[in-house]
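Scroll down for the structure; my scribbles are underneath it.
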Amino acid sequence: MRLFADLVASGIAIGAIYGLIAMGFAVIYKATGLANFAQGEMSMIVAYVAWTISTTLTGNVFVVVAGSIVFAVLLGLAVERFIMRPMLGEPIFSTVLVTIGVAVVLRSLITLVWDAYPHALNLGVGRDVVKMASVSLRGAQIASILTLLAVMGAFYLFFRFSKIGVAMRAVAADDRTALLMGVSAARIHAIAWGCSSAIAGIAGVLFALVYDLSPAMFQLGLKSFPASILGGLDSVIGSGFGGILIGVAENLAGGYVGSGLKDVAGFLMIIVILMVQPFGLFGEREIVRV
Amino acid sequence: MTTPSHPHAGDAERAPDAPPPMIEFRNLQVVYDDAIEAVRDVSLQAEKGALVALLGSNGAGKSTMLKAMSGILYAEEGKIDNGSIHLEGADISAFAPDEIVRRGVVHVPEGRRVFPALTVEENLQVGGFTTSASVLRERRDHAFELFPRLAERRDQIAGYMSGGEQQMLAIARGLMSGPRLLALDEPSLGLAPMIIDRIYEVILDLKKKLDLTVLLVEQNAARALEIADYGYILENGRIVLDGPADKLAKNEDVQEFYLGAGQSGAHKSMRDVKHYKRRKRWLS
Ligand SMILES: Nc1ncnc2c1ncn2[C@@H]1O[C@H](COP(=O)(O)OP(=O)(O)OP(=O)(O)O)[C@@H](O)[C@H]1O
Ligand SMILES: [Mg+2]
């Protein structure tokens, strides 16, 4: 029972990181209709930038986090402006391939600019173990869960009440008609890439706080993609929940069955769930009315 | 306001001091995929405050003209190959869609195209995307006055409403940015006659109260000519006939081929009419 509780708790914590990246995935998908396969790489780059700030400038946690978020937003905007926007109107297939290209470039940047060794991101916080009832988690793990909840709440409000959020849903539903209403698609796309990169970046920093940096961090993206599919690719909040489910499932599979199953548990879960719920758990069904 | 006696008059016939038309298409030619010529050399204009009908059967090029005006051709691999579109004299042919909306031109697309997963109120909010929040509230209240039915259903998901309600929403949404020119693409499509009456009534009302210029695209020529001031008939991407609405409605050929008065049954083209004299003025 103790093992179970521990596995679930740390599953939720890693799942929260998957969930954040998956939400980034869903935001871009919702606004632009595109799957961005560089999401995990964007997380990783931002985490490395955070590490560089902490080792060269200051280890102050607020400065490092603020600096990484600013960098993440700029990275997202730059990718949108200089790579994705010129691809507008090209077939989806080529555009998705371009995101894979971006992923490969970002991945190789790590060894070019930094190195191939693991590093600890030490901000003087988050490493201490907090015991609650029978489970113990690190501070940064608890912070990941709280961040996920906060970002989910923020997105809920954004999509319900803000002008840009409602317009983003309109673009997702029918981009041509949104254009006719004066919604600038380019602006919406830029906002989506900026937001998405920011939350992926936050996830990367949180991950590095708990588990250290390494050039293999991009694999976070491979875990988050199923999370997003599970939640419904176009459902940002659902993708957050999807992350938690994948995190818990892979921890339980790894703990009870064997570590071999850990990495594929998420994909097994999508297969089963999509057979029952083809649009994911929270995906919007198309409204068809004749 | 006083309508000019010839609201359609070409440049040569216009009084030299007359204000430029609200919208003017000059020798417009539109090509899709660099291959399909959907609009070939069309000139058309609507004076400020006029209701101009653009009529024609399937594939004539009506929607293409509106898409050219609202700047969204690029989204369908289409482009203006020749000619230009002028809003009160200013060339808007190369403007981005949001800039065109900001300048007061709104195109309500064919098939209503409400955002299905959004509520009525959210649809209106998107329609007012270019507008500030305070003005938005005012316009929304005005839209609800115009269509009380929408007020009753403000929190309903738009995709589940009836066709008539969706058309009302599409028009109301188009009004949210406060346009001076409203282009409606087949607003009567698939609606019951009673609903069409209601929608046409509102269009006339808007034209009078807001001094709106209306470009009304329809296949249903009879209905449209009842409320229009002036009409153009488009066929295969060319204007084949134009004139004041009452005269057009009385025209024999129009009656036979567009108003269903003909007995032949089979659809023939205006081109097949032997005695039909093509008007050459637009082809120069
Ligand atoms: N996106 C497109 N790509 C290629 N060809 C197109 C496209 N849209 C329209 N066309 C062609 O252009 C011509 C004019 O089409 P358009 O939609 O403007 O006609 P319409 O008068 O609006 O007809 P309808 O009354 O059926 O709506 C047609 O021959 C059509 O096949
Ligand atoms: Mg059409």
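The sequence lines fix the lettering, A, B, ..., with proteins before strands; numbering per chain opens at 1.
- When all heavy atoms are compared, the tightest approach of B/Pro97 to A/Leu179 is CB-O, 3.7 Å.
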In sequence, state the C-alpha distance, the side-chain angles, and the governing distance for A/Met181 and B/Val101, and then conclude on side chain to side chain contact (heavy atoms under 4.5 Å, CB included). CA-CA 7 Å; A/Met181 298 300 117; B/Val101 171; over 6 Å; no
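- The contact between A/Ala178 and chain B is made by backbone and side chain atoms together, counting heavy-atom distances below 4.5 Å.
- Rounding to the nearest 0.5 Å places CD of B/Glu122 at 11.5 Å from CZ of A/Phe159.
- A/Lys163 places a side-chain N or O within 3.5 Å of a backbone atom of B/Phe129 that can act as its donor or acceptor partner.
- Chain A forms more heavy-atom pairs under 4.5 Å with one residue of B/Glu99, B/Arg173, B/Arg102, B/Glu77 than with any other, namely B/Arg173.
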Would you please test A/Val183 and B/Asp98 for side chain to side chain contact (heavy atoms under 4.5 Å, CB included) and show each step? CA-CA 6 Å; A/Val183 177; B/Asp98 55 315; over 6 Å; no
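- A 4.5 Å side-chain heavy-atom check between A/Val171 and B/Phe115 finds every atom pair outside the cut-off.
- Around CZ of A/Arg187, the count of heavy atoms belonging to other residues, nucleotides or ligands within 6.0 Å does not exceed 12.
- By the 6.0 Å contact criterion, CZ on A/Phe37 is enclosed, its count of non-hydrogen atoms from other residues, nucleotides or ligands being greater than 12.
- Side-chain contact between A/Leu180 and B/Val106: absent, with no pair of heavy atoms (C-beta onward) separated by less than 4.5 Å.
- Proximity to chain B (any heavy atom under 4.5 Å) is shown, for A/Arg160, by both the backbone and the side chain.
- Remark: the backbone N or O of B/Ala75 is paired with a side-chain donor or acceptor of A/Arg176 at under 3.5 angstrom.
- Taking both residues in full, the closest heavy atoms of A/Thr177 and B/Pro109 are given as CG2-CG, 4.2 Å, listed atom of the first, atom of the second, then distance.
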